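A quick write-up on the structure given underneath.
Just so we're clear, the structure is a prediction, and the values are computed from it rather than from any experiment.
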Amino acid sequence: MDYKNIVVLTGAGISAESGIPVFRSETGLWENHRIEDVCVPAALVRNPKLVHDFYNGMRRSLKDKKPNPAHFALAKLQKEWTAKGGTVTLVTQNIDDLHEKAGSTGIIHMHGELNSIWCTACNRRFPYFEDSTPESVCPYCGKKALRPDIVFFEETPYRLDEITRALNRCDLFLSIGTSGVVYPAAAFCQYAGARGAQCIEFNLDVSAGAAYFDYGLYGKASETLPRFVDELVEKGTLLRPQSWQG
């Protein structure tokens, strides 16, 4: 294999094909709510019930959402590449569970997960699939200190040290369905590329950070990514990357 260690970053674009709205629309709203009302730490102080209700609705909406071929392609890549002796580190900015539903494992949810909750009293994070309220009690410490396990604006994304270690050793970096403007994820390509990795973006259109990639594959990820993964798994390399353009 020309490549051994692969890092994949996924963003809202990969889940949009499964019916999950992108984080921020052209109106500046998220699911018809202002960001400052539902996704900043101060919102939990001002109106904790609204914050809980908002994420309860999003959590419930996941139940009928299904992974698309792009999610399944990444699960295939992870399974078959590992069998060949390589590694695939899957990092997602998404808070949904579509990678898990497709069969991927060990996913780094750098912005948290809807199906998880965080007790700020005992600092435990654990799977959670029901509705929560400001009165919900932590089953571990008995305190009413639960909040959505989501990285709000002004907070630090999860597991950055682990992501950095993976980027340090990767020789192929794939970015799928990301805008290229949200940091620190927007800098992952530059970081990996500076260490010798080949960097490829998959997007509907050219992203804001496209200049930092070696090349891009544009169109629906559900169409471009399965073909790409099939060739990569079969050959262990990318002999004609230009053939995937358009």
Next on the checklist: As a quick check of understanding, evaluate side chain to side chain contact (heavy atoms under 4.5 Å, CB included) for Phe188 and Leu167, giving each step before the final call.
Outcome noted: CA-CA 7 Å; Phe188 291 172; Leu167 291 171; 3.8 Å; yes
Q. Relative to Tyr55, does Arg59 satisfy both conditions: NZ or CZ under 6.0 angstrom from the six-membered ring centre, and within 45 degrees of the ring's axis?
A. no
Would a hydrophobic clustering, with Ile, Leu, Val, Met, Phe, Trp and Tyr connected at side-chain separations under 4.5 Å, put [X] with [Y]?
X: Phe202; Y: Tyr212; value: no
X: Leu232; Y: Val7; value: no
X: Met58; Y: Leu62; value: yes
X: Val151; Y: Val40; value: no
X: Phe54; Y: Leu146; value: no

Interatomic spacing from [atom1] in [X] to [atom2] in [Y] - rounded to 0.5 Å:
X: Lys144; Y: Ser136; atom1: NZ; atom2: OG; result: 9.5 Å
X: Arg46; Y: Asp37; atom1: CZ; atom2: CG; result: 6.0 Å
X: Cys39; Y: Ile150; atom1: SG; atom2: CD1; result: 7.5 Å
X: Thr89; Y: Arg165; atom1: OG1; atom2: CZ; result: 10.5 Å
X: Ile163; Y: Asn168; atom1: CD1; atom2: CG; result: 12.0 Å
X: Leu225; Y: Ile14; atom1: CG; atom2: CD1; result: 6.5 Å

[X] vs [Y] side-chain heavy atoms within contact, under 4.5 Å:
X: Pro226; Y: Pro69; answer: yes
X: Val233; Y: Leu77; answer: yes
X: Ile108; Y: Leu90; answer: no
X: Leu98; Y: Lys65; answer: yes
X: Pro67; Y: His99; answer: no

Are side-chain N/O atoms of [X] and [Y] paired as donor and acceptor at under 3.5 Å?
X: Asp97; Y: Asn115; result: yes
X: Ser15; Y: Ser18; result: no
X: Tyr3; Y: Gln198; result: yes
X: His71; Y: Ser104; result: no
X: Glu201; Y: Ser207; result: yes
X: Asn68; Y: Ser222; result: no

With a 3.5 Å distance limit and no angle check, can you tell me whether [X] reaches the backbone of [Y] through a side-chain donor-acceptor pair?
X: Lys84; Y: Glu80; value: no
X: Glu17; Y: Ala221; value: yes
X: Thr224; Y: Gly219; value: no
X: Asn94; Y: Asp96; value: no
X: Trp81; Y: Lys4; value: yes
X: Asn203; Y: Val206; value: no
X: Asp214; Y: Cys199; value: yes
X: Asp149; Y: Trp118; value: no
X: Arg195; Y: Tyr191; value: yes

Closest contact, heavy atoms only, [X] versus [Y]:
X: His52; Y: Ser132; value: ND1-OG, 2.7 Å
X: Leu44; Y: Phe152; value: CD1-CE1, 3.6 Å
X: Val45; Y: Pro48; value: O-CD, 3.9 Å
X: Thr10; Y: Thr178; value: C-CG2, 3.8 Å
X: Leu204; Y: Tyr218; value: O-CB, 3.9 Å
X: Arg125; Y: Ser116; value: CB-OG, 4.2 Å

Ring centres under 6.0 angstrom apart (Phe126, Tyr140):
yes
- request: Step through it carefully: locate the ring centre of His111, locate the ring centre of Tyr158, and say whether they are under 6.0 Å apart.
  value: no
Could you go step by step and tell me if Ile176 and Leu9 meet the side chain to side chain contact (heavy atoms under 4.5 Å, CB included) rule? CA-CA 6 Å; Ile176 304 164; Leu9 172 69; over 6 Å; no
Run the salt-bridge test on [X] and [Y] with the 4.0 Å N-O cut-off and return the result as yes or no.
X: Lys76; Y: Asp230; result: yes
X: Arg147; Y: Glu155; result: yes
X: Lys49; Y: Asp53; result: yes

Note to self: Can you confirm whether more than 12 heavy atoms, excluding those of Tyr128, are under 6.0 Å from its OH atom?
What the structure shows: yes
Give a yes or no on whether Lys220 atom NZ has more than 12 heavy-atom contacts from other residues, nucleotides or ligands under 6.0 Å away. no
Could you go through the side chain to side chain contact (heavy atoms under 4.5 Å, CB included) check for Leu172 and Ile200 one step at a time? CA-CA 8 Å; Leu172 179 62; Ile200 305 168; 3.9 Å; yes
With Asn56 as partner, the option from Leu114, Val51, Asp131 fulfilling side-chain contact (heavy atoms from CB on, under 4.5 Å) is Asp131
Phe173 and Phe213 aromatic ring geometry - parallel, tilted or perpendicular at 30°/60° bounds
parallel
Next item on the list: Tell me, with the steps shown, if Thr92 and Met110 meet side chain to side chain contact (heavy atoms under 4.5 Å, CB included).
Entry: CA-CA 6 Å; Thr92 186; Met110 63 180 294; over 6 Å; no
